[in-house]
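Naming: A, B, ... by sequence-line order, numbering from 1 per chain. All values below were derived from every heavy atom in this structure, side-chain atoms included, with hydrogens, water molecules and symmetry-related copies excluded.
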Amino acid sequence: MNWLLDLPTLVKVLGVTSCVFGIALCYRLIRVGRDSLSRDKMVNLRIASISALTFNKLLAFMAFIVVAGMSVSIANYHVFSGVKEVRSCNSCHVMRPMVNDMTDPSSETLAARHFSNKWISSQQCYTCHTDYGLAGTLKAKMDGYRHLARYTTGTYTEPIASPSVYNTDNCMQCHAGTRKFEMVSSHIALRKGLSDGSLSCLNCHGSAHPTRAQRTPGHPDYNDLMKQGD
Amino acid sequence: MGLRVEAWAAIIAFITTAAFIVWPNPYFMALFAFFAQPLFMIVALLYLRRVFRELRKKDVL
């Protein structure tokens, strides 16, 4: 019974069940033509008897409103919980260089150091990019849908580039106030620049991911960075 | 109420949604987000339009 506790599996089972139920209801609505329905023909529901016409109307309400709404809600939950996982980011091949580099123990990029030292134990992409993509704010969600549309229609060029500057607040939500952070004198001296966004952590701590040049087709590192992971 | 068109459209939307839930890749996600969801919305609106028409015909509304 352990699988019942696994939320993603439960969501999958519920979602598929709800879709199959919806299909069955719709199929019945198609099979039962308008002519075969009459007010005289009764359907026994154990607790009450209703006319076949009323029963069909109830089925239509269930199929088009209740079950459809349930399926859409479950699928949307699946979207917004799923996009927080690293494997979800990795399913778009343009993201593979970031994920391959992050999981490479020999890499010295900031993301790889956070990963290999387990400074972030799970949902590593989402933890550092909470203000981006389908799991973020409304604007971030809109950007996420735009990127999804561009990726699936192939209307993008490699290497991909972020349209905005990385938000230092994402680093600060973990680092600010920690003893290790406060003990570094330059952090105190640069606090104003870090908080108003004129300075980035990346200025001193190096690149978070492989450079644009490395992610450009034809670069010697490109094939290694693009290799299919597990 | 003849709801064949709505039922067929809903079946297509349900199949697309189920495919995305089982195989969550970017292509099925895009199909769900940009095709199945709007299709469900259209089906619901068409169905509600029929319901309101029938209620109006019977002078309930």
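Both the backbone and the side chain of Glu6(B) come within less than 4.5 Å of a heavy atom of chain A. Of the atoms belonging to Phe34(B), it is side-chain heavy atoms, and not backbone ones, that fall under 4.5 Å from chain A. Thr153(A) does not touch chain B: none of its heavy atoms, backbone or side chain, sits under 4.5 Å away. Looking at Ile23(A), the atoms closer than 4.5 Å to chain B (heavy atoms on both sides) sit in the backbone and in the side chain alike. For Ala68(A), the parts lying under 4.5 angstrom from a heavy atom of chain B are both the backbone and the side chain. For Ile12(B), no part sits under 4.5 Å from any heavy atom of chain A, backbone or side chain. There is no contact between Val20(A) and chain B, counting heavy-atom distances below 4.5 Å.
Interface check for chain B: of the options Ser18(A), Ala24(A), Cys26(A), the most heavy-atom pairs under 4.5 Å are formed by Cys26(A). Among Gly15(A), Ser88(A), Ser91(A), the residue with the largest count of heavy-atom pairs under 4.5 Å with chain B is Ser91(A).
Taking the six-membered ring where tryptophan is involved, the planes of Tyr151(A) and His93(A) are tilted, since the angle between them lies from 30° to 60°.
One finds the CD1 atom of Ile120(A) at 3.5 Å from the SG atom of Cys128(A) (value rounded to the nearest 0.5 Å).
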Practice problem: Carefully, step by step, assess Asp104(A) and Ser107(A) under the rule side chain to side chain donor-acceptor pair (under 3.5 Å). | Solution: CA-CA 6 Å; Asp104(A) 176 3; Ser107(A) 173; 5.2 Å; no

Exercise. Quick one: do Phe20(B) and Phe32(B) satisfy ring pair (Phe, Tyr, Trp, His ring centres under 6.0 Å)? Show the steps, please.
Key: CA-CA 7 Å; Phe20(B) 164 62; Phe32(B) 167 69; 5.4 Å; yes

Exercise. For the pair Lys58(B) and Glu54(B), evaluate salt bridge (charged side-chain N to carboxylate O under 4.0 Å, His left out) and give the outcome as yes or no after the intermediate values.
Key: CA-CA 6 Å; Lys58(B) 290 178 178 170; Glu54(B) 202 174 304; 3.4 Å; yes

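Other residues, nucleotides and ligands contribute only 12 or fewer heavy atoms inside 6.0 Å of the CZ atom of Phe21(A).
In the model, Tyr126(A) has no side-chain atom that pairs as donor or acceptor with a side-chain atom of Glu85(A) under 3.5 Å.
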